[in-house]
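Values in this document were obtained by computation on a predicted structure and should not be read as measured data. Counting from 1, the numbers follow the sequence of the chain as shown. Note that these values count all heavy atoms, side chains included, but never hydrogens, waters or copies made by symmetry.
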Amino acid sequence: MKRIFCLVFSLLIIMMSAFCFGASAEELTSTDCIYFQVPTATNIAWKNFSLVFCHIWEEGDEGGDFYPWQAKDERCTDLGNGYWSYDITQFEFKEDSKYSVIFSNENGMQTYNLSLTSACKGDIVYCDGDTCVNPVDSEKQCTVARWMENKDSVHPCAQVSSDGTMVDPDGIFNTDIDLKWGSAEGVSITMPEVKVVEETQVETEGMADETDSTEDASTLPTMWIVIGAVALVAAIIAVVLVVVKRKK
């Protein structure tokens, strides 16, 4: 009887470990993918979402979207712990072309345009809390995204906003935007409409306690899976006990 109980208990531990522990940054190494770490900074945190999309397009008049905005082919894979992956093996990077990428979710939250090169294969896109003017609507803000490994060489795009001011998060394209990005307008003809959720005013007082006590809705699916696993194992234990009791 004790052997059966130990076996079932071990199975429970293994199942819980598989569901509770997701990927870490050190494990994201495949050059077939690019990775995205969901924003967690208080002022830009993504909540109440279940899907992440990766939109890639080629800049310039001869370029265009690889897939329509938030099409099925743009869906990313949830790796756990706030990390998502997107397979880029279907894309061909031409040496003389410029590419950009945006990550978004189904609730309208998205990142600002980030440059993309073949060197970024296997790299992670993250958001450290920086925001910038939304180039489509200068009265709104965008979440700035950067590459983890290629941060110093591949930057957020430089563009002219709707009010005529330069949007240049890393301050590197000010003198040569025409050379690198074409027309002075600076806005890609294929750039999707930016839909930015208004930021919620956060009370400074007691912020830490509120942050710790608020469960990110993105972890809810994992929790339900764990609860289901626990219930399943409990049912198995009950059945085993009944069978053993009848044999006695």
Side-chain angles (χ1 to χ4, degrees), residues 25 28-29 31 33-41 43-44 46 52-66 69 74 76 82-86 88 91-104 109-138 140-194 196:
L28 310 182
T29 58
T31 54
C33 300
I34 57 175
Y35 301 94
F36 178 62
Q37 184 179 22
V38 172
T40 56
N43 62 319
I44 60 170
W46 283 15
V52 172
F53 299 88
C54 178
H55 185 69
I56 298 175
W57 71 99
E58 182 180 347
E59 296 282 358
D61 295 339
E62 301 299 322
D65 301 332
F66 283 101
W69 178 253
E74 293 193 336
C76 299
Y83 289 101
W84 296 70
S85 67
Y86 185 66
I88 58 172
F91 299 132
E92 179 183 353
F93 291 91
K94 295 177 285 187
E95 292 184 4
D96 58 345
S97 296
K98 304 293 183 182
Y99 301 93
S100 297
V101 58
I102 287 176
F103 286 92
S104 66
M109 301 174 186
Q110 66 181 73
T111 60
Y112 176 71
N113 300 17
L114 178 63
S115 299
L116 170 66
T117 71
S118 58
C120 299
K121 294 178 179 179
D123 204 348
I124 303 170
V125 174
Y126 73 101
C127 304
D128 57 10
D130 285 355
T131 59
C132 67
V133 173
N134 181 335
V136 177
D137 185 348
S138 59
K140 296 181 179 180
Q141 293 285 306
C142 281
T143 299
V144 177
R146 295 184 173 92
W147 295 103
M148 190 168 291
E149 296 295 330
N150 290 276
K151 180 179 180 180
D152 295 331
S153 57
V154 186
H155 302 268
C157 300
Q159 298 186 117
V160 176
S161 71
S162 59
D163 64 357
T165 59
M166 176 68 72
V167 183
D168 189 3
D170 283 357
I172 62 168
F173 294 125
N174 287 319
T175 59
D176 59 354
I177 183 173
D178 289 344
L179 177 63
K180 290 182 177 293
W181 297 99
S183 64
E185 287 79 17
V187 180
S188 168
I189 59 172
T190 60
M191 179 181 175
E193 180 182 356
V194 180
V196 180

- Message: Nearest 0.5 Å, please: how far is CG in Leu116 from CD in Glu58?
- Response: 11.0 Å
- Expected output: side-chain Asp65 to main-chain His55 donor-acceptor under 3.5 Å: no
- Message: Consider ring pair (Phe, Tyr, Trp, His ring centres under 6.0 Å). Of Trp84, Phe103, Tyr126, Trp147, which one does Phe36 pass it with?
- Response: Phe103
- Message: Determine whether a donor-acceptor pair (N or O, by modelled atom type, separation under 3.5 Å) exists between the side chain of Asp130 and the backbone of Cys132.
- Response: no
- OG1-CD1 distance between Thr111 and Ile44, expressed to the nearest 0.5 angstrom: 10.0 Å
- Query: So Met148 and Tyr35, side-chain contact (heavy atoms from CB on, under 4.5 Å) or not? Walk me through it.
  - Reply: CA-CA 10 Å; Met148 190 168 291; Tyr35 301 94; over 6 Å; no
- Using 30° and 60° as the class limits, which term best fits the ring planes of Tyr99 and Phe66: parallel, tilted or perpendicular? parallel
- Atom CD1 of Ile102 and atom OH of Tyr112: how far apart are they, to the nearest 0.5 Å? 9.5 Å
- Message: Does Val101 form a side-chain contact (heavy atoms from CB on, under 4.5 Å) with Tyr86? I'd like the steps, not just the answer.
- Response: CA-CA 11 Å; Val101 58; Tyr86 185 66; over 6 Å; no
- So CD of Gln159 and SG of Cys142: to nearest 0.5 Å the spacing works out to 9.0 Å
- Message: Walk me through whether Val125 and Ile34 qualify under side-chain contact (heavy atoms from CB on, under 4.5 Å).
- Response: CA-CA 8 Å; Val125 174; Ile34 57 175; 5.7 Å; no
- Item | Ile124 side, atom CD1; Glu149 side, atom CD - distance, nearest 0.5 Å | 7.5 Å
- Got a donor-acceptor contact below 3.5 angstrom from the Ser115 side chain to the His155 backbone? yes
- Item | Main-chain N/O of Ser162 paired with Ser138 side-chain donor or acceptor, under 3.5 Å | no
- Task: Output, in order, the C-alpha distance, side-chain angles, deciding distance and verdict of side-chain contact (heavy atoms from CB on, under 4.5 Å) for Ile56 and Ile88.
- Result: CA-CA 10 Å; Ile56 298 175; Ile88 58 172; 4.2 Å; yes
- Could you tell me the separation between the SG atom of Cys157 and the NZ atom of Lys98, rounded to the nearest 0.5 Å? 10.5 Å
